[in-house]
There are 2 protein chains.
Amino acid sequence: MVHKKATRARGRPRAYDPAAALTGARDAFWDQGYAATSLDVLSDATDMNRPSMYAAFGDKRSLYLQTLDRYIADGAAALKQTLSREHSLAEGLQRFYENAISLYLEQGGPRGCYLISTATTEAAQDPEVGKKLLGALRGLDQAIELRLSDAKAAGELDPSADPAALALMASAVLHTISVRARSGESRAALEAIADRAIELICGNFRS
Amino acid sequence: MVHKKATRARGRPRAYDPAAALTGARDAFWDQGYAATSLDVLSDATDMNRPSMYAAFGDKRSLYLQTLDRYIADGAAALKQTLSREHSLAEGLQRFYENAISLYLEQGGPRGCYLISTATTEAAQDPEVGKKLLGALRGLDQAIELRLSDAKAAGELDPSADPAALALMASAVLHTISVRARSGESRAALEAIADRAIELICGNFRS
DNA sequence: GTATTTTTATGCGAAATGGTACATAAAAAA
DNA sequence: TTTTTTATGTACCATTTCGCATAAAAATAC
């Protein structure tokens with residue numbers, strides 16, 4: 001028999017929620033970028049004092065890398081749901097872009113994708129950031145390509161369509177939406193881009 | 001008769017080349033991002049001492065904004081040439097992406113587009129950066145759309161094609177190439193993306 | 001109650017940051 | 001030659017930065 005929470009931890013209980021702290025740190029980085037976000041700001045955003053941050057997440061860079069990991073994992077999980085075959089391809093893509101746009105415009109100000117808006121800048125100097133970013137990009141490509149292959153097999157796509165090429169386009173459209181969102185483009189304009197992309201990808205086979 | 005350089009400037013001649021200094025500053029920002037680039041680094045990169053930098057370009061932010069302006073202007077000028085109607089649409093796009101990829105991978109390390117790699121991060125906090133970025137994005141869209149409209153009229157494009165929608169796709173592909181380039185993607189992979197995009201845009205009308 | 005363990009809280013300190021004063025140098029103008 | 005103008009170079013300042021040392025606090029274990 002395995003006890004869940006069998007015995008309470010021994011020392012003083014922590015006053016912060018690790019997951020919430022990571023979210024807070026991520027939001028701070030998201031707003032200001034990695035380099036411009038000071039430890040003071042992070043301390044506020046995580047509701048932790050600095051020594052606790054260090055104990056829990058290591059230094060600033062390590063904390064940032066962990067926020068990247070969680071964003072990537074969360075994104076992958078959400079994508080799996082959004083592009084499941086419960087809905088048609090066009091519907092799935094519609095939800096996919098709609099969710100992305102909502103995420104990119106959340107929190108008042110325009111944010112864009114966390115990776116594209118903050119990690120691209122760091123990627124040139126920090127190979128580990130680059131690796132994570134590249135992995136996430138390829139993961140998205142593959143997930144979409146898989147869904148498109150399925151759609152092609154199911155007759156939801158032109159038989160002559162190239163799922164890999166179309167997947168790259170679908171990814172590209174997400175990236176452009178991120179860049180435009182962060183530059184202050186309106187929600188309507190972003191949605192128009194998504195709609196046109198869906199039309200282009202699904203062609204006459206749109207449901 | 002107007003004399004060019006009629007009279008020489010009055011005081012001590014400047015020891016730096018303003019255009020070269022701006023290029024150096026831009027490259028420094030390009031490598032490290034705006035926030036992470038210190039005045040010491042900029043002083044080295046511009047071959048100017050700090051007081052001269054202030055006299056010439058104002059503070060750090062002002063210098064950055066000027067590098068953005070020049071990059072945008074240079075890009076627009078280059079685009080005009082690349083997408084001129086001397087060459088077919090497919091050729092023009094080929095050159096367009098090829099030039100971009102070369103620029104994005106120049107200087108050893110991967111850099112990506114200067115705007116997407118550095119200005120997106122700042123755009124969320126600095127509305128002026130956002131405005132410049134958004135303007136540049138829309139300018140690219142319009143330039144490509146114009147070229148596509150011409151191509152359509154000239155029979156280089158499917159009569160049912162939507163130039164505005166295709167222009168957005170072409171822009172999106174440039175943006176994704178920038179993000180991927182900065183994340184360390186290989187030149188071959190980037191070129192493959194460009195090729196697929198050109199195929200998709202030009203369709204069977206490829207020359 | 002006392003010891004032990006884990007976290008919090010204050011705040012220090014070396015280094016780096018953005019920005020500037022001030023004296024000097026180099027040219028043209030008087 | 002002297003004055004004026006512009007640019008340079010050194011050195012500095014106040015602030016902020018990251019990271020950590022140290023002590024108090026809060027829980028369990030004995």
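Below, chains carry the letters A, B, ... as their sequence lines are ordered, and counting in each starts from 1.
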Tell me whether [X] contacts the main-chain N or O of [Y] through its side chain, where contact means a donor paired with an acceptor under 3.5 Å.
| X | Y | result |
| --- | --- | --- |
| B:T67 | B:Y64 | yes |
| A:K60 | A:S38 | no |
| B:T121 | A:S117 | yes |

Any B:R14 side-chain nitrogen or oxygen under 4.0 Å from OP1 or OP2 of D:dA7: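 So the side chain of B:R14 is within the cut-off, an N or O lying under 4.0 Å from OP1 or OP2 of D:dA7.
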
To the nearest Å, give me how far apart [atom1] ([X]) and [atom2] ([N]) are.
| X | N | atom1 | atom2 | value |
| --- | --- | --- | --- | --- |
| B:R12 | C:dA23 | CZ | P | 17 Å |
| B:L39 | C:dG19 | CG | P | 6 Å |
| A:K60 | D:dT16 | NZ | P | 15 Å |
| B:Y34 | C:dT17 | OH | C1' | 12 Å |
| B:L63 | C:dG19 | CG | C1' | 14 Å |

Side-chain H-bond candidate by donor/acceptor type, A:S102 with A:E106, under 3.5 Å: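 There is no such pair (donor and acceptor under 3.5 Å, judged by atom type) between the side chains of A:S102 and A:E106.
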
Modelled atom types, side-chain donor and acceptor of B:D59 and B:S62, under 3.5 Å: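 Short answer, no.
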
5'-most by nearest nucleotide on DNA chain C - B:D59 or B:R10: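 Its nearest nucleotide lies further toward 5', so the answer is B:D59.
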
5' priority, DNA chain D, between B:G11 and B:Y16 [closest heavy atom]: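 Going by which nucleotide is closer to the 5' end, it is B:G11.
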
DNA chain C contacts made by residues 40-54 of chain A, counting heavy atoms under 4.0 Å: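 The stretch gives A:N49, A:P51, A:S52 as the residues lying under 4.0 Å from the strand, ordered by number.
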
Point-to-point distance, once rounded to the nearest 0.5 Å, from CD1 of B:I201 to CG of B:L148: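 It comes to 6.5 Å.
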
